[in-house]
Amino acid sequence: MFVRIPKLLSADQLDAMRASLGSAQAPWVDGRATAGFQGAPVKNNRQLDEASAMAREWGDLIVAQLERNALFISAVLPNRVYPPLFNRYCSGMYFGTHVDGTVRVVPGSLNKLRTDLSATLFISAPESYDGGELIVESDLGHQSAKLAAGDMIVYSSTARHRVAAVTRGERLAAVFWIQSLIRNDLRREQLFELDGTIQRLTQTGADPDGLVRLASHYHGLLRSWTEI
């Protein structure tokens, strides 16, 4: 899965977020603070202190926008969302090839979250920095993303990925993980495709009875495969 979610944040929301993250009060710390054993040696960035009020405020805004985004809901079928982390890459910073940990503990609790999907929300405008592409690797080739500010990319947490070195400017982004209602990647993608097909057929005025039967099939699969 490699799904682009366009315009998750508005221009006004992005302006306010960038002003806050760029202020002298922003509590940036070493990004390795939240990296695991495998990721820490190849991680070179800054991260907003995840316990700070600023991180919670903007993280809550992102989660609220996710709850209203139909494409995100259809593609991801979210069960739980890890509170977003905010990172900053200045010139020379990068994050080498790594794989996200399978389980994360939600800060301030004993609750655990299985990382089925990873998400990167771009906050900086792409023309404001050079480099900094998110590169998702596979044996069949690489996929690269450097999206417009406010756009988000969602991909499987099992994928190898990296952030290319920034060579000019500053790259701001938010990253987080999702535990889906559907653990299996293939089943989740099948449901996403089926849901999209139902929506497209609805827009073309397809046979109503057939659409109801197709929707019944979708919900039957969702009911059978859901893990809560």
Side-chain angles (χ1 to χ4, degrees), residues 2-35 39-40 42-69 72 81-98 100 104 107 115 117-136 143-155 157 159 161-178:
F2 197 73
V3 179
R4 179 175 183 168
I5 311 290
K7 298 181 179 179
L8 183 71
L9 299 182
S10 70
D12 288 344
Q13 290 168 333
L14 286 165
D15 286 343
M17 185 178 290
R18 285 191 291 253
S20 176
L21 297 179
S23 69
Q25 291 73 39
W28 293 103
V29 299
D30 191 324
R32 290 174 294 182
T34 58
V42 296
K43 188 175 186 180
N44 176 19
N45 67 5
R46 303 290 287 172
Q47 185 171 287
L48 201 66
D49 182 354
E50 63 181 331
S52 66
M54 186 179 292
R56 290 194 299 271
E57 175 188 359
W58 294 119
D60 287 347
L61 171 68
I62 291 171
V63 172
Q65 295 301 112
L66 293 173
E67 292 172 349
R68 303 185 184 100
N69 191 283
F72 174 78
V81 175
Y82 189 90
L85 301 175
F86 295 85
N87 53 48
R88 180 175 69 178
Y89 292 79
C90 300
S91 184
M93 293 185 176
Y94 60 90
F95 197 166
T97 302
H98 64 286
D100 292 335
R104 297 190 72 95
T115 59
L117 293 158
S118 302
T120 297
L121 171 64
F122 291 81
I123 299 172
S124 296
E127 62 272 15
S128 70
Y129 63 98
D130 292 333
E133 296 85 359
L134 170 68
I135 301 168
V136 179
Q143 293 174 294
S144 177
K146 183 177 178 179
L147 305 183
D151 287 8
M152 183 174 75
I153 198 79
V154 179
Y155 55 97
S157 295
H161 58 283
R162 57 190 169 91
V163 176
V166 170
T167 58
R168 177 189 65 87
E170 178 182 83
R171 176 193 191 266
L172 294 173
V175 299
F176 55 93
W177 298 269
I178 306 105

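Everything numeric here is computed off the predicted structure, so don't read it as measured data. Along the sequence shown, residues carry numbers from 1.
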- request: Carefully, step by step, assess V42 and F95 under the rule side chain to side chain contact (heavy atoms under 4.5 Å, CB included).
  value: CA-CA 6 Å; V42 296; F95 197 166; 3.9 Å; yes
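The side-chain contact (heavy atoms from CB on, under 4.5 Å) test applied to T167 returns D130, not counting sequence neighbours. For F72, there are no ring-ring contact (aromatic ring centres under 6.0 Å, His included) partners two or more places apart in sequence or in a different chain. Partners of Y129 under the ring-ring contact (aromatic ring centres under 6.0 Å, His included) rule, at least two apart in sequence or in another chain, do not exist in this structure. In terms of the side chain to side chain donor-acceptor pair (under 3.5 Å) criterion, N69 has no residue partners (sequence neighbours excluded). Annotation: salt bridge (Lys or Arg N to Asp or Glu O under 4.0 Å) contacts of D49 (sequence neighbours excluded): none. R4 pairs by the side-chain contact (heavy atoms from CB on, under 4.5 Å) definition with L147, A148, D151, I153, not counting sequence neighbours. A164 is linked by a side-chain contact (heavy atoms from CB on, under 4.5 Å) to E133, I135, counting only residues two or more places apart in sequence or in another chain. Under the side chain to side chain donor-acceptor pair (under 3.5 Å) criterion, S124 pairs with no residue, sequence neighbours left out.
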Check residues 58-67 and write down every donor-acceptor pair under 3.5 Å in which the side-chain atom is one partner and the other belongs to a residue at least two apart or another chain.
from, atom 1, to, atom 2, distance (Å)
W58, NE1, S20, OG, 3.0
Q65, OE1, R68, NH1, 2.8
Q65, NE2, L8, O, 3.3

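For the pair L117 and W177, the minimum side-chain heavy-atom distance is 4.5 Å or more. Residues T34 and Q47 have side chains in contact (heavy-atom distance under 4.5 Å, counting atoms from C-beta outward). Counting heavy atoms from C-beta on, the side chains of P6 and M152 never come closer than 4.5 Å.
Figure legend: R104 and Y82 shown as a cation-pi pair, the cationic atom lying under 6.0 angstrom from the six-membered ring centre and within 45 degrees of its axis.
Annotation: side-chain hydrogen bond (donor to acceptor under 3.5 Å, both in side chains) contacts involving residues 86-96, sequence neighbours excluded, comprise N45-Y89. Counting only residues at least two apart or in different chains, side-chain hydrogen bond (donor to acceptor under 3.5 Å, both in side chains) contacts with residues 7-16 comprise S10-Q13, D15-R18.
Between H161 and Y155, the two ring planes are perpendicular [angle over 60°; tilted spans 30° to 60°].
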